[in-house]
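Remarks on the structure that follows.
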Protein chains: 2
Amino acid sequence: MSRSETPDVAAVQAFLLDFQGRACRALEEEDGAACFREDLFAGEGGALARPRVLADGAVIERAAVNFSHAAGRELPGAASARRPEITGATYGAVSVSMIVHPRNPYAPTSHANFRLFVAHRDGGEPVWWFGGGFDLTPYYGFEEDAVEWHEMAKAACDPFGAGLYAEYKKACDEYFYLEHREEPRGIGGLFFDDLSDGGFARCFRFVRGAADRYLAAYRAILARRKLLPYGERERSFQLLRRGRYVEFNLLYDRGTRFGLQSGARVESILAALPPLVAWRYDWQPEPGTPEAELYEKFLRPRDWIGARS
Amino acid sequence: MSRSETPDVAAVQAFLLDFQGRACRALEEEDGAACFREDLFAGEGGALARPRVLADGAVIERAAVNFSHAAGRELPGAASARRPEITGATYGAVSVSMIVHPRNPYAPTSHANFRLFVAHRDGGEPVWWFGGGFDLTPYYGFEEDAVEWHEMAKAACDPFGAGLYAEYKKACDEYFYLEHREEPRGIGGLFFDDLSDGGFARCFRFVRGAADRYLAAYRAILARRKLLPYGERERSFQLLRRGRYVEFNLLYDRGTRFGLQSGARVESILAALPPLVAWRYDWQPEPGTPEAELYEKFLRPRDWIGARS
């Protein structure tokens, strides 16, 4: 571990801005109709937010791909809760987060986030770490998609350590979990935080690889599912399951809480919420239906590598 | 103050169960089509939950009127955060909470909660207090409704002290506030907690009066607005504003957090969420529209008494 290696914030920012551009183009191409709207907000001390939101597309009902460079005088509690040593330090963070809510219930929602955090203490060397990951939330389960998704995640990890995929997959399963329902948000992916092992250059290489693979894999799944025929029943289940997404984001998600606490732009943070959502009282899927299968086969931590027959 | 006066939990429970019944009948009568579904859950130590939910009515899109008698070995953090002296005490709580989401966008959503909390410490006398209140969340503002609502709230308070209405109204404005949007949830009403001043009998009388007046006043407003003609525009605004309700309940509401922390039945707690909700990115009402008027004239703390011309 070498936290003392100075992080190249400008290089990470350049990569993330480029990634944002590529992600938006890829999604616009898959959509074929709608375009991203771009906003730009500049703040003090180099702070910059470039949220991009696509609404009401042919394929994508809503996507938010947000870049932000946050700088602050004092770390919000959500960021320093597990790091008492940097409470009150000034900080900078560059990040991209994206969430895609497709219109077709057979196409999964996906989320990714990649960020670099740097905290400056008086007189000390900067403390930095990468965090992020990606996860997939299907409404209807396709084993092929799940296996492909996790093979991609493993391929992103393997060059950096034999146990890395297992570790980050487990962290993802644990993080994207609705405790009150005892239910995972989806089929997971990777989740990492406090990443500085091996130095800045190596960590940055891992993050770049993860981001690029995520984008390619999600695009492939979206392309495969976006035109499947569906009806009122599937739409209705999708809206209900989107409710779980809202519950997770507002009740648990540290990124959302951090954003709202740090006074970031509310519309950018909540742009990730689904456009239309339903809650029903005490609804349960009937046994033997595809909706029940989602709960039984997909919404539980599973070893997807090797599940391909 | 006489916290030592033994609270008559059975009498409060009987009142709240009766209130639940009257509220459900009143709402069924206003609806004219749908009926409440009743569930019953008995737990250890006299714990009892009787959630009632009306779904997909002609007038009421969803209403949840929940009675619960909770008993526990250890107070959840959400309840004892401001009372370190009773951390870890066993407790009992009887409560009714109700939320009504009408279908017609001109009819406001309303929420009420009335509860008695009793904490038992080893060897000490029981510590008890009432809490609760009610508030109104219009989608389109009617000054007549707002004035009537607050006159009702004042009438419930006035027999119990000259400054009470002002105090509880202010507490309500402060509690039902979305900090991240700097926006009140609605036009408020009453909010009280830690109520034991004057002894049990007097406090219970206040709570009974507040509950009964709430029910009559909300019913009158619902009856007046439930048949007004509306279109896609009003429906769409209603769905968007319901998003604020979800944000409040999941991000801030202590009752929701207490319930989810204490392991209460998730479906009962979240039955209060609206059935259909929308989020739009960066939507602003156009100046001069009824939607803008809601923000300008109604979604800000106002002195409604005396606003009637």
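Here the structure is a predicted model, which means the values were calculated and not measured. Residue numbers begin at 1 in each chain, while the letters A, B, ... track the order of the sequences.
B:R185 has no carboxylate O lying under 4.0 Å from a charged side-chain N of B:E247, or vice versa, which leaves the two without a salt bridge. Ion pairing between a basic and an acidic side chain is recognised when a charged N comes within 4.0 Å of a carboxylate O; B:D39 and B:R52 show no such pairing.
Between chain A and the residues B:R242, B:E179, B:R37, the most heavy-atom pairs under 4.5 angstrom are made by B:R37. Your options are A:L260, A:L251, A:D56, and the one with the most heavy-atom pairs under 4.5 Å with chain B is A:L251. When A:L276, A:D282, A:T256 are compared by the number of non-hydrogen pairs under 4.5 Å with chain B, A:D282 comes out ahead. Considering only heavy-atom pairs separated by less than 4.5 Å from chain B, the leading option among A:P274, A:G259, A:S268, A:P51 is A:P274.
Partner B:H111 forms a ring pair (Phe, Tyr, Trp, His ring centres under 6.0 Å) with one of B:F134, B:Y245, B:F176, B:F191 and no other, that one being B:F176.
Using a 4.5 Å cut-off between heavy atoms, A:V277 contacts chain B through both its backbone and its side chain. Only the side chain of B:L239 has a heavy atom closer than 4.5 Å to any heavy atom of chain A.
Side-chain rings of A:F41 and A:H69 stay apart, their centers remaining 6.0 Å or farther from each other. Side-chain rings of A:Y230 and A:Y140 stay apart, their centers remaining 6.0 Å or farther from each other.
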